[in-house]
Amino acid sequence: MQECPLSTAVMLQRAWQLCGKWCRWSSPFIHLLTLTVVTFGVLAPLICHRFLHSYFYLRRWHLNPMSREFLERNQQEGQDALHYFEKMQMPNASEVSGSDTFQPLLLITIITVQRRNDFHYVLQVASHFHRLLQKCGARCQSHRMLLCNVESDPSSHQDVRLLSRLFPMVSHDRTGKNPDPSLNQFEKEKQDYVFCLEQSLLVYNPEYVLLVEDDAVPEEEIFSVLQHLFSARFSKPYLRDALYFKLYHPERLQRYFNPEPMRILEWLGLGMFLGPVLSCVYCWAAGRAGPSWCLVAFFALYSMALSELVGRHYGLELRRLHPALYNVVPASECCTPAMLFPAASAHRALGYLRGLRCRRGFAKDTALYSLLQGKGENAFVVEPNLVRHVGMYSSLRLNSDPKLL
């Protein structure tokens, strides 16, 4: 019974020694704890508090002013696009209507409907594509543009009247027809989409159709990336028969923490790559021997957590360094600002969509996605995005005070 106090004292002494060993400044435990606290408690919040798609984004502070700033800038870009076309020497109507007879490699079809006149969304999209085609030069000689006006009264779309002097145009004219009382806005949007895709194939018979909504502004590198995809990637068997390729996915839905297996695998792969690399850097900086498995595991979890909290979207931007770095992965449901259809797949999509009726909760993007399982089709998304979605005023959902999130 007299040994108990001695045993307790020995245990306390050993615990104190262990604590002293772990709590010394030279201890890896203190190093990694300090790194974690400084990274996630100080540096990342300070650096990323204005990153719109980061967990560190201070929504209450920044969302309203950033939304107003975006609207003001976009309104000015609309005015710039208007001046771009007003100053341009337009060809006469016969030159425009006399479309080329050869089969283009890519037809860019801009689907447009009348919206807020002061933003000139379709002019922004058309001016960017026109400028990029001019810049691309000989490499894009086989590309053409087509306007698809789906306004119920086509003549009321003022911006299209200006563009029709430069680009060929088709219109989904419903004037003079008895309105269908059962036609909801989501079904109308799907029918307009089917019309524009069908007309694109009939008018030009291209190898690829890029259906672009009138608020999807192309990125500077879109044609160099598409050229790489056409020549090097789309010939692969698993991509050759895809139903469509999405060129845009909302940034807020690009996080790793999603119910998409490919994202999880990518996230784990990032940790498996950076874990050993960062642990080796730490051992070199601390003057220690080679890294242990515990150290590798810590840095793997550290890098995975940091990449998710800062935002996967910002890591994807590094892929813009070269077209070969762009990723082509299985597509998810939302959304349709820019969709690339191979010609054969476009015919299949038309047949499928005609047999579906859209409604609230089952819009055209959901309808297209439902075909992947229902019809055994495949579809893919290109990452990072090749267009920017600038339309904060929707043609489907009225909102007098739109926000970026």
Side-chain angles (χ1 to χ4, degrees), residues 69-93 95-97 99-100 104-151 154-171 196 200 203-204 206 208-227 247-248 320 336-340 385-395:
E69 180 184 345
F70 178 86
L71 285 171
E72 292 170 1
R73 185 172 64 251
N74 191 239
Q75 193 171 19
Q76 182 58 50
E77 290 172 351
Q79 294 299 317
D80 294 342
L82 177 62
H83 297 151
Y84 176 87
F85 287 113
E86 285 179 338
K87 291 186 297 184
M88 186 178 297
Q89 184 176 359
M90 299 291 187
N92 58 51
E95 290 176 343
V96 174
S97 60
S99 58
D100 302 305
L105 172 64
L106 175 67
L107 177 65
I108 304 156
T109 301
I110 303 175
I111 308 173
T112 181
V113 66
Q114 180 71 35
R115 282 196 265 183
R116 291 281 299 260
N117 289 334
D118 47 342
F119 285 87
H120 301 289
Y121 287 129
V122 67
L123 297 185
Q124 292 187 52
V125 176
S127 64
H128 276 76
F129 270 116
H130 184 265
R131 179 179 59 81
L132 291 175
L133 284 171
Q134 300 295 315
K135 181 180 177 181
C136 183
R139 292 183 296 115
C140 296
Q141 284 184 346
S142 58
H143 301 350
R144 294 293 181 270
M145 285 179 62
L146 176 68
L147 293 175
C148 186
N149 183 5
V150 296
E151 183 65 27
S155 62
S156 66
H157 198 331
Q158 299 176 7
D159 288 341
V160 165
R161 290 210 303 268
L162 174 63
L163 292 175
S164 63
R165 293 185 289 164
L166 182 64
F167 304 110
M169 182 184 69
V170 292
S171 298
C196 293
S200 300
V203 173
Y204 278 99
Y208 293 92
V209 178
L210 174 56
L211 276 187
V212 182
E213 295 176 6
D214 62 2
D215 55 1
V217 175
E219 297 283 2
E220 289 291 319
E221 66 276 8
I222 185 170
F223 290 124
S224 60
V225 175
L226 287 177
Q227 183 64 36
L247 304 189
Y248 174 85
R320 297 192 189 277
T336 58
M339 304 281 283
L340 182 68
N385 292 333
L386 286 175
V387 301
R388 292 181 290 113
H389 186 243
V390 300
M392 291 178 66
Y393 290 97
S394 172
S395 58

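Among all heavy-atom pairs drawn from F223 and C136, the shortest one is CB-SG, 4.2 Å. Residue P337 comes nearest to A216 through the heavy atom pair O-CB, 3.6 Å, listed as atom of the first residue, atom of the second, then distance.
At a threshold of 4.0 Å, the pair R320-E220 does not count as salt-bridged, since none of the basic side-chain nitrogens sits closer than that to a carboxylate oxygen. A salt bridge is defined here as a Lys NZ or Arg NE, NH1 or NH2 lying under 4.0 Å from an Asp or Glu carboxylate O, and E151 with R115 fails to meet this definition.
For the atom pair R161 CZ and S164 OG, the distance stands at 8.5 Å (nearest 0.5 Å). The OG atom of S127 sits 8.5 Å away from the CE atom of M88 when rounded to the nearest 0.5 Å. A distance of 7.0 Å separates CG in L82 from CG in D159, rounded to the nearest 0.5 Å. A distance of 6.5 Å separates OG in S224 from CZ in R139, rounded to the nearest 0.5 Å. With rounding to the nearest 0.5 angstrom, the OH atom of Y84 is 11.5 Å from the CG atom of L123. Here the CG-OG distance, from L106 to S142, works out to 7.5 Å after rounding to the nearest 0.5 Å.
For E69, there are no side chain to side chain donor-acceptor pair (under 3.5 Å) partners, not counting sequence neighbours. Partners of S155 under the side-chain contact (heavy atoms from CB on, under 4.5 Å) rule, at least two apart in sequence or in another chain, are D153.
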Practice problem: Run the numbers on T112 and V125 for side chain to side chain contact (heavy atoms under 4.5 Å, CB included), then give the verdict. | Solution: CA-CA 10 Å; T112 181; V125 176; over 6 Å; no
Quiz item: Stepwise, does the side chain to side chain contact (heavy atoms under 4.5 Å, CB included) test hold for L132 with E219?
Solution: CA-CA 9 Å; L132 291 175; E219 297 283 2; over 6 Å; no
Quiz item: F129 and V212: side chain to side chain contact (heavy atoms under 4.5 Å, CB included), yes or no, with the steps?
Solution: CA-CA 11 Å; F129 270 116; V212 182; 4.0 Å; yes
Quiz item: When you look at V170 and C196, which way does the side chain to side chain contact (heavy atoms under 4.5 Å, CB included) test go after all the steps?
Solution: CA-CA 8 Å; V170 292; C196 293; 5.7 Å; no
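Between F167 and H130, the angle of the ring planes goes over 60°, which puts this pair in the perpendicular group of the 30/60° scheme.
Between the side chain of N149 and the backbone N or O of P154, at least one donor-acceptor pair lies under 3.5 Å.
Looking at heavy atoms from C-beta onward, V209 lies in side-chain contact with T109 at the 4.5 angstrom threshold. Under the 4.5 Å side-chain criterion, counting only non-hydrogen atoms from C-beta, V122 is in contact with H157.
Side-chain contact check for Q124 and N74: at least one donor-acceptor pair (N or O, by modelled atom type) lies under 3.5 Å. Side-chain contact annotation: Q114 with S156, donor-acceptor N/O pair under 3.5 Å absent.
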